[in-house]
Amino acid sequence: MAVGNVQIVGTGQLITLSRRLHAAGGPRLKQNLQRRIRRAAEPLHRDMQQTIKALPITSQGRKAGSRGGPSPTTRPLRATIAGAVRISVRTSSNPGARVWLDRSALPSDLRGMAAALNEGRIRHPVFGNRRRWVQQNTTPLWWEQVVRSHTPRMQAEVARVLDDVRRDLT
């Protein structure tokens with residue numbers, strides 16, 4: 001599973017229901033469906049952001065005789081990535097909830113960082129010095145772990161929403 005895109009869909013049921021909602025012309029029903037599907041995905045969205053912010057990033061430490069210094073950037077890495085996690089809900093074509101990483105919301109030098117964090121290995125030059133590189137490690141596959149823990153609850157909630165809306169239509 002790629003970092004950046006999670007979809008919860010009950011494709012056949014959601015498409016049929018979406019068409020019936022459109023035919024019934026019920027904007028209230030459609031808004032209710034959209035709001036409840038979004039609520040089903042919000043705990044995953046929050047947990048994804050919290051997981052990113054708390055993700056431990058470790059390194060080997062400094063070698064004897066090496067100097068340290070302040071970071072060349074003032075932006076916090078994990079908070080910046082967590083801020084780019086988005087949630088979107090569609091009730092028209094391909095209906096469902098999607099939690100994804102909006103790479104366009106990230107600075108250009110961090111666009112591939114979420115994938116690197118998910119691999120568990122970040123290799124980068126020391127303060128931009130291309131002759132000295134360092135490797136930092138983190139928990140691999142954290143994106144999949146968070147998604148896997150929320151999927152059963154989200155699927156059950158979306159099924160419950162579909163049943164409620166289907167009951168309102170009949």
Side-chain angles (χ1 to χ4, degrees), residues 1-15 34-63 66 68-91 93-162:
M1 179 181 294
V3 171
N5 192 353
V6 179
Q7 292 184 337
I8 300 296
V9 293
T11 52
Q13 290 178 327
L14 283 172
I15 290 171
Q34 203 168 16
R35 184 180 68 248
R36 290 185 62 192
I37 290 176
R38 176 177 290 277
R39 280 191 191 151
E42 282 174 351
L44 171 62
H45 180 243
R46 278 192 305 272
D47 196 22
M48 193 69 70
Q49 289 179 322
Q50 289 171 351
T51 301
I52 294 169
K53 288 178 182 176
L55 202 62
I57 299 175
T58 59
S59 63
Q60 295 174 341
R62 295 190 178 138
K63 296 184 174 116
S66 64
S71 173
T73 64
T74 57
R75 67 173 180 250
L77 171 70
R78 289 171 278 215
T80 303
I81 294 173
V85 176
R86 304 278 190 257
I87 183 172
S88 60
V89 176
R90 291 176 62 172
T91 55
S93 63
N94 194 19
R98 189 177 125 180
V99 176
W100 52 289
L101 183 73
D102 184 7
R103 292 180 52 184
S104 67
L106 293 172
S108 60
D109 59 333
L110 293 182
R111 298 233 164 106
M113 186 57 72
L117 286 172
N118 196 49
E119 289 173 12
R121 178 177 173 246
I122 308 161
R123 186 167 160 73
H124 61 91
V126 177
F127 296 112
N129 180 354
R130 308 288 264 167
R131 290 181 286 149
R132 276 190 74 187
W133 288 72
V134 66
Q135 176 177 314
Q136 291 181 293
N137 301 306
T138 187
T139 308
L141 304 176
W142 57 270
W143 184 274
E144 286 86 355
Q145 291 171 1
V146 174
V147 170
R148 217 174 290 124
S149 69
H150 283 271
T151 300
R153 181 200 52 77
M154 287 177 62
Q155 287 174 334
E157 181 63 27
V158 168
R160 191 173 322 127
V161 168
L162 291 175

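Here the structure is a predicted model, which is why all the values come from computation and not from measurement.
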Between [X] and [Y], is any pair of side-chain heavy atoms under 4.5 Å apart?
X: Arg132; Y: Pro125; answer: no
X: Gln135; Y: Ile122; answer: no
X: Pro140; Y: Glu119; answer: no
X: Val126; Y: Trp133; answer: no
X: Trp142; Y: Met48; answer: yes
X: Val89; Y: Arg35; answer: no
X: Leu117; Y: Ile57; answer: yes

Worksheet item: Does the pair Val99 and Arg86 meet the rule for a side-chain contact (heavy atoms from CB on, under 4.5 Å), with working shown?
Response: CA-CA 6 Å; Val99 176; Arg86 304 278 190 257; over 6 Å; no
How far apart are the closest heavy atoms of [X] and [Y], and which atoms are they?
X: Leu44; Y: Arg153; result: N-NH2, 4.0 Å
X: Glu157; Y: Ala40; result: CG-CB, 3.3 Å
X: Leu101; Y: Ala114; result: CD2-CB, 3.1 Å

Discussion item. With side-chain contact (heavy atoms from CB on, under 4.5 Å) as the criterion, how do Arg123 and Val134 come out once you've worked through the C-alpha distance, each side chain's angles and the decisive distance to 0.1 Å?
Written reply: CA-CA 6 Å; Arg123 186 167 160 73; Val134 66; over 6 Å; no
Fill in: Criterion side-chain contact (heavy atoms from CB on, under 4.5 Å) on Met113 and Leu106, from CA distance to verdict
CA-CA 9 Å; Met113 186 57 72; Leu106 293 172; over 6 Å; no
Practice prompt. Run the numbers on Ile87 and Arg98 for side-chain contact (heavy atoms from CB on, under 4.5 Å), then give the verdict.
Written response: CA-CA 6 Å; Ile87 183 172; Arg98 189 177 125 180; over 6 Å; no
Worksheet item: Judged by atom type as modelled, is there a donor-acceptor pair below 3.5 Å linking the side chain of Arg78 to the main-chain atoms of Ala54?
Response: no
Worksheet item: Any ion pair linking Arg39 and Glu42 (charged N to carboxylate O, less than 4.0 Å)?
Response: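 Looking at Arg39 together with Glu42, the answer is no, because their closest N to O distance does not fall below 4.0 Å.
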Fill in: Between Asp47 and Gln49, a side-chain donor and acceptor under 3.5 Å
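No - no donor-acceptor pair under 3.5 Å links their side chains.
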Fill in: Partner set under side-chain hydrogen bond (donor to acceptor under 3.5 Å, both in side chains) for Arg111, not counting sequence neighbours
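Arg111 satisfies side-chain hydrogen bond (donor to acceptor under 3.5 Å, both in side chains) with no other residue.
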Item to complete: Could you list the residues that satisfy side-chain hydrogen bond (donor to acceptor under 3.5 Å, both in side chains) with Gln136, not counting sequence neighbours?
Response: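 Result, side-chain hydrogen bond (donor to acceptor under 3.5 Å, both in side chains) vs Gln136: His124.
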Worksheet item: Would the number of heavy atoms belonging to other residues, nucleotides or ligands and lying under 6.0 Å from CZ of Arg103 be above 12?
Response: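 No, because the 6.0 Å sphere around CZ of Arg103 holds 12 heavy atoms or fewer from other groups.
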Practice prompt. Mind checking the CG-OG1 spacing from Asn137 to Thr58? Nearest 0.5 Å is all I need.
Written response: 5.0 Å
Discussion item. So, taking the atom named OG in Ser88 and the one named NE2 in His45, what distance separates them when rounded to the nearest 0.5 Å?
Written reply: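 If I round to the nearest 0.5 Å, the distance is 10.0 Å.
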